[in-house]
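Okay, so here's the structure we're looking at.
Everything numeric in this text was worked out from a predicted model, so none of it was measured. Whatever order the structure lists them in is the order used to number ligands and atoms, beginning at 1.
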Amino acid sequence: MNNMPENRLADRLIDRINNVGFVSVSEYMSACLSSYYSNKDPLGRDGDFITAPEISQIFGELLGLWAAETWNQMGQPGSIKLIEPGPGRGTLMNDALRACKALPKFLDNLSVHLVEINETLRLKQREILASHNIEVHHYGALSEIEDGPSIIIANEFFDALPVRQLQWHEGNWVERGVSYSDGFQFCRSENSVDNEVLQQLHLLNLKEPEDGDIFEYREQCSSIIEAVSRRKKTALLVIDYGHGESGYGDSLQAVREHKYADVLSSPGHADLTTQVDFNQLARFSETYGLSHFGPMTQGQFLLMLGLEQRLSQLSEKATEDQREFLKAGAIRLVAPEQMGVLFKVMCIQTPDLPKPIPFT
Ligand code: SAH
């Protein structure tokens, strides 16, 4: 049985809990995700979950055209970086670059910058992008990428960044965490959370909490937004599942082999995510002097970018089976009861850029 990594991570967590009594939800998520994303490819039908670019080529194509238009609006700078944090198999970038073939002026000025921690996926990204004859660079963090006009596309990246869960208990916000006795279990710390976080919470216009309410605070977002704010002429497009208003609730979920799994039962062996709080992202952006637009629903965004036109264009040259496949994929991306409404799109920009399309 090959469950050594699972045992090792679980043992490490138990050791730490025995030493300090408790790991925060954020530490737990972070340990699980580093292990989970360390080298396997979790995507696709044979993996654990599937994402929009893996569902339909139209997704990446429309984002490529969006990037080209954004470059136009920037005044066509002579060197433009297309940056993707967490590019998975490189599918989105591949589709985006292919769609821009008809725009050689954009491609001539473009270089590709991928932020990826997973070696297996880095290789896949290199392979799939090789045919485009465009410089591809890899980094471990966004902050390592040299400044200059940039377009950053983050699809299902923020949802996989660890969150702290704060719980309202007897008139105080305390840290929620994980302890161990005969198995991992949720617990809460005795201490009130630090003032800095309480100040951030204050900006979110939350209603009065009731005992037991949980608030998810994604601290790492703040450092990413800060990294963006140190740049010039940079637009960040965030596409993710989540909500436009901040509220209470535990949205931590584990997904393994396309099914929901127990968050605590096999650390490091399932994808852990929480919903993205777009209001929190907007407040972080303001804190760092960035402008923000949206969120709008993914359905609305893709339709405004021309999903239907692209679908009929592709369908003209397709076989009957391919037409069905293309149509089913497009519907899945935009239908309100599928990904169309739960997934949202927000654009965050340095203040030296004009209003992005299609956020009019
Ligand atoms: N955007 C892709 C994949 C989403 S899965 C798509 O839409 O298909 C999350 C991706 O983020 C994977 O490529 C994973 O390896 C990468 N990742 C996870 N945590 C990361 C981190 N802290 N820094 C950089 N990449 C990370």
To which protein heavy atom is atom 4 (C) of ligand 1 closest, and what is the distance rounded to 0.1 Å? E156 O, 3.5 Å
Can you find an N or O of T51 that's nearer than 3.5 Å to an N or O of ligand 1? yes
NZ/NE/NH1/NH2 to OD/OE distance under 4.0 Å, R16 and E27: yes
Please determine if G86 has a nitrogen or oxygen closer than 3.5 Å to a nitrogen or oxygen of ligand 1. yes
Within a distance under 4.0 Å of any heavy atom of P53, pick out the atoms of ligand 1 and give their elements. 6 (C), 7 (O), 8 (O)
Using a strict 4.0 Å cut-off to heavy atoms of L121, name the atoms of ligand 1 that fall inside it. 12 (C), 13 (O), 15 (O)
Is the NZ or CZ atom of R176 positioned over F186's six-membered ring, under 6.0 angstrom from the centre and within 45° of the axis? yes
F49 and H258: aromatic ring centres closer than 6.0 Å? no
The closest protein heavy-atom partner of atom 23 (N) of ligand 1 is I117 CG2, 3.7 Å
Do ligand 1 and E116 have nitrogen or oxygen atoms that lie under 3.5 Å from each other? yes
Going by heavy-atom distance to atom 25 (N) of ligand 1, choose the closest among F49, F157, Y139. F157
Ligand 1 atoms nearer than 4.0 angstrom to some heavy atom of N155 are 1 (N), 2 (C), 4 (C), 6 (C), 7 (O)
Atom indices of ligand 1 within 4.0 angstrom of V115 heavy atoms, with elements: 24 (C), 25 (N)
Check whether any side-chain heavy atom of E175 lies under 4.5 Å from a side-chain heavy atom of L166, and answer yes or no. yes
Are there more than 12 heavy atoms of other residues, nucleotides or ligands under 6.0 Å from atom NZ of K40? yes
Is R164 paired with D194 through a side-chain N to carboxylate O contact shorter than 4.0 Å? yes
Among Y36, Y37, F158, which one has a heavy atom closest to atom 5 (S) of ligand 1? Y37
Should you measure from each heavy atom of N118, which atoms of ligand 1 turn up under 4.0 Å away? 15 (O)
Do NZ/NE/NH1/NH2 and the carboxylate oxygens of D147 and K232 come within less than 4.0 Å? yes
Under-4.0 Å salt bridge between D95 and R98: yes
